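Note on naming: letters A, B, ... go to the chains in the order of the sequence lines (proteins, then strands), and numbering restarts at 1 for each one. Model, not experiment: these values are computed from the prediction. Just so you know, these numbers use all the heavy atoms, side chains as well, and skip hydrogens, waters and symmetry mates.
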Amino acid sequence: MLRQLNPEQLAAVTLPQEHALILAGAGSGKTRVLTTRIAWLMATGQVSPGGILAVTFTNKAAKEMMTRLGAMLPVNVRGMWIGTFHGLCNRFLRAHYKLAALPQSFQILDTQDQLSAIKRLLKQLNIDDERFPPKQLQWYISGNKEEGLRPHNLTGRDEDTRKKIELYRLYDEQCQREGVVDFAELLLRSYELLRDNDPIREHYQRRFRHILIDEFQDTNTLQYAWIKMLAGKAEVDQGLPPGHAGSVLAVGDDDQSIYAFRGARVGNMADFVREFEVRQQIKLEQNYRSHGNILDSANALIEHNSRRLGKNLRTDQGPGEPVRVVEQASDFAEAQWMVDEIRQLVRDGVPRKEIAILYRSNAQSRVIETALFNAGMPYRVYGGLRFFERAEIKHALAYLRLLENRHDDTSFLRVVNFPPRGIGARSIEQLQDAARTHGCSLHDAVSSLSGKAGSNLTAFVARVDVLREQTAGLTLREIIEQVLEGSGLLEHYKADREGADRVENLEELVNAAESFVTQEGFGRDAVALPLDEHGLSQSPASQGLDPNAPLVDTPLPDVAPDTGETLSPLAAFLTHAALEAGDNQAQAGQDAVQLMTVHSAKGLEFDCVFIGGMEEGLFPHENSMTERDGLEEERRLMYVAITRARDRLYLSFSQTRLLHGQTRYNLRSRFFEELPEDALKWITPRQSGFGMGSRGTAPGRFGIEAGNFPSAAAPLPPQKAAPSHGLRAGMKVFHTKFGEGTVNLLEGNGDDARAQIDFPRHGVKWLALAVAKLTPVP
DNA sequence: GGGGAAGCCATTTTT
DNA sequence: TGGCTTCCCC
């Protein structure tokens, strides 16, 4: 188990039981250390499976950890407390739903649901949504929850803020009434329950001997507070004696902190060291992923950040290929160049799925997609709607949620008239009014309405009620099939000429449910099984690795989970759907070139990586400049991008780019000035420094000694024939943005034609004549 | 209630 | 420029 670890990894895995911080560089075997640590703790009898709490951010990371752990040890990993913050909090709240003041089968609002709940609230209160945009309110509410702040903790200095606080309060009341919780609420409610309930807190503090946190640099204020609570540190803050809690192993990389914009606090790392009096800090700097030139580039770049904890990656794999840098005339040419280069790589035997094209913002993918598509090159774009977020799936889920909880007004409104059944906005408004005056849910308000509107609504409610009765006692699969039929959803989409995909997705939903049920340890995430089965165990903690060993170390007579009927498979599945939105399935499985933003590339690695749009304003992004530490975060983002590459890294930028229907003339990114010259190879000639335009360097031939490396397509063949654009060196021209200038040089033909022009006020620029609007000045 | 026109916005994203 | 939401009319 320990044999193949390097000295730092070994030290991390075998740390004594005390708080520790692992600074794990990119590609340093972080997941391996985490899983081996857990396995080692259990194998040496220091802890039983139930004494471990391991937290990740994504389901993917949690699954990965469980898979690896399961491969190392014969334990029931599904029963262990390994999961995402949200998944674990959900499990905790299900176990103690009464104390948390929730219905047992509470449902979870995803971001979309939350927004529609807020819109509904505003409408009901007749609030001007121009003055209080729902999106902004959503951001306000979630932001405060993630800071651990309830409405009563907030004070408003101005009228608008006071109103927002009030709306926050009313929103929470609405959720409570309807028996739903949003994502942030899962965490906040868990945190508060731990904080306010001494037996519960002490129970879990005693239980979790080892708390391990992955991607610690991405934790927000509330997540850190939650960890402190479980680790018995929060009492110290409040002047109480420390709890008898376990030790915390935080694993993270401050250089890869790229989520400040959504509340992540890198500062938690330093706070952790201080507040937990961490003595053990281990740096994992040995990189097993990339070649030297790539790592040198990453190291040199990140050097430019201040306030780092300090870390330098090293590798044993020689320098490898240089990092190739390419300048193109337009985003179109850049994309075409990528395609040509990829063709060559594929010819040389690189699998397409080992080639990634990364970009700073999603808008950049379009040109690249077009070029790949025209070239007939299979590709896959990450991002976009995921399976459980698709409209037809959300409709089906809404019916299913109504079966579980008829007071779920969000779901009620989503499908009350879908498929269309003659219930218009007027009827719905009447119904909402009635619900408000009676202080009840929409479902319950239906019976108070009369007339035509009332009868249609009654029919709808009856339909759902009938479905509920019909499906009682059926298997999950049967329930869903029944609902797809009985709701009219399937029929509706089958009748739609363009509904074929949606029908297919609905059928896929049945499959998803089926595999959810048959999956070993079904529903563990949603059901409080570990506690039900073992939480009350009075038997002494067993040692070793008996797969059926109790999951709790100490006898726990004091805290019992709330009992009641077991959570239904349907409720469990609905929870699963909310917590795990599923893959974005587009073109999955194929051997395809991978397209994604730098953010979504975090944690992944590829043989060959292209980073496009390396331009000022794009990367670093212009909007980042107004943010505090914005540039440093952009630099970390670039660091993440670079360290995705194993063998080959390409950086490209373009003089011209079509953005929002406007041509932009960007300078190459300042990050080039921060990369080590000798690790780079400029495929197109290196022009003078950042922001200096290209004075002095002749644009000559791009003769590249290619070695066995595929040569870049020569982007701009020199112009010999008479140019069609009618420009000549020395001519004066006028440009709408840069004003008057003098033509220095001309090259290229047709669409590729470009000119180097000296603008007295803006410096020397290369402009693509197909794009730039130039008028000759007499 | 559906469809077309007009308006709005445009880093980054997981749960 | 283009994708998405909202609004208005039939």
Inter-nucleotide [atom1] distance ([N], [M]), Å rounded:
N       : M       : atom1 : value
dG3(C)  : dT14(B) : C1'   : 23 Å
dT5(C)  : dT12(B) : C1'   : 22 Å
dT13(B) : dC4(C)  : P     : 15 Å

Taking salt bridge (Lys or Arg N to Asp or Glu O under 4.0 Å) as the test, write out the residues that go with [X], two or more places apart.
X         : answer
Glu605(A) : Arg289(A), Arg646(A)
Asp113(A) : Lys394(A), Arg401(A)
Arg644(A) : none
Arg131(A) : Asp160(A)

Practice task
Measure across Leu595(A) and Ser365(A) and return the closest heavy-atom pair with its distance rounded to 0.1 Å.
Solution key: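 Closest pair (atom of Leu595(A), atom of Ser365(A), distance): CD2-O, 4.4 Å.
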
Which part of the nucleic acid, if any, lies within contact of [X], taking any heavy atom under 4.0 Å across all strands shown: a base, the sugar-phosphate backbone alone, or nothing?
X         : result
Asn362(A) : sugar-phosphate
Phe57(A)  : sugar-phosphate
Ser600(A) : sugar-phosphate
Gln364(A) : nothing

Under the side-chain hydrogen bond (donor to acceptor under 3.5 Å, both in side chains) test, which residues partner [X], sequence neighbours left out?
X         : result
Ser361(A) : Gln364(A)
Asp501(A) : none
Arg68(A)  : Glu64(A)
Glu192(A) : Arg150(A)

Handout entry: Span of DNA chain B, from the first to the last nucleotide whose atoms fall under 4.0 Å of chain A heavy atoms
Key =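 The contacted stretch runs from dG1(B) to dT15(B).
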
Practice task
Treat primed atoms plus P, OP1 and OP2 as sugar-phosphate and everything else as base, then score nucleotides 5-10 of chain C 5' to 3': B for base contact with protein heavy atoms under 4.0 Å, S for sugar-phosphate contact only, - for none.
Solution key: -S----

Give every pair of a protein N or O atom and an N or O atom of nucleotides 1-4 of chain C that lie under 3.5 Å apart, one pair per line with the distance.
residue, atom, partner, partner atom, Å
dT1(C), O4', Gly661(A), N, 3.3
dG3(C), OP1, Arg366(A), NH2, 2.4

Exercise for the section: Identify which one of Val181(A), Leu574(A), Val180(A), Asp182(A) satisfies the side chain to side chain contact (heavy atoms under 4.5 Å, CB included) criterion when paired with Ile108(A). Expected result: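 Among the candidates, only Val181(A) passes.
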
Handout entry: Given DNA chain B, 5'-ward residue of the pair Tyr259(A) and Arg426(A), judged by closest heavy atom
Key =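 The 5'-side residue here is Arg426(A).
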
Problem - Upstream residue (5' side of DNA chain B) when Asp110(A) and Glu634(A) are each assigned their closest nucleotide - result: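 Closest to the 5' end, via its nearest nucleotide, is Glu634(A).
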
Handout entry: Non-neighbouring partners of Phe261(A) that pass ring pair (Phe, Tyr, Trp, His ring centres under 6.0 Å), sequence neighbours left out
Key =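 So Phe261(A) forms a ring pair (Phe, Tyr, Trp, His ring centres under 6.0 Å) with Tyr259(A), His599(A).
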
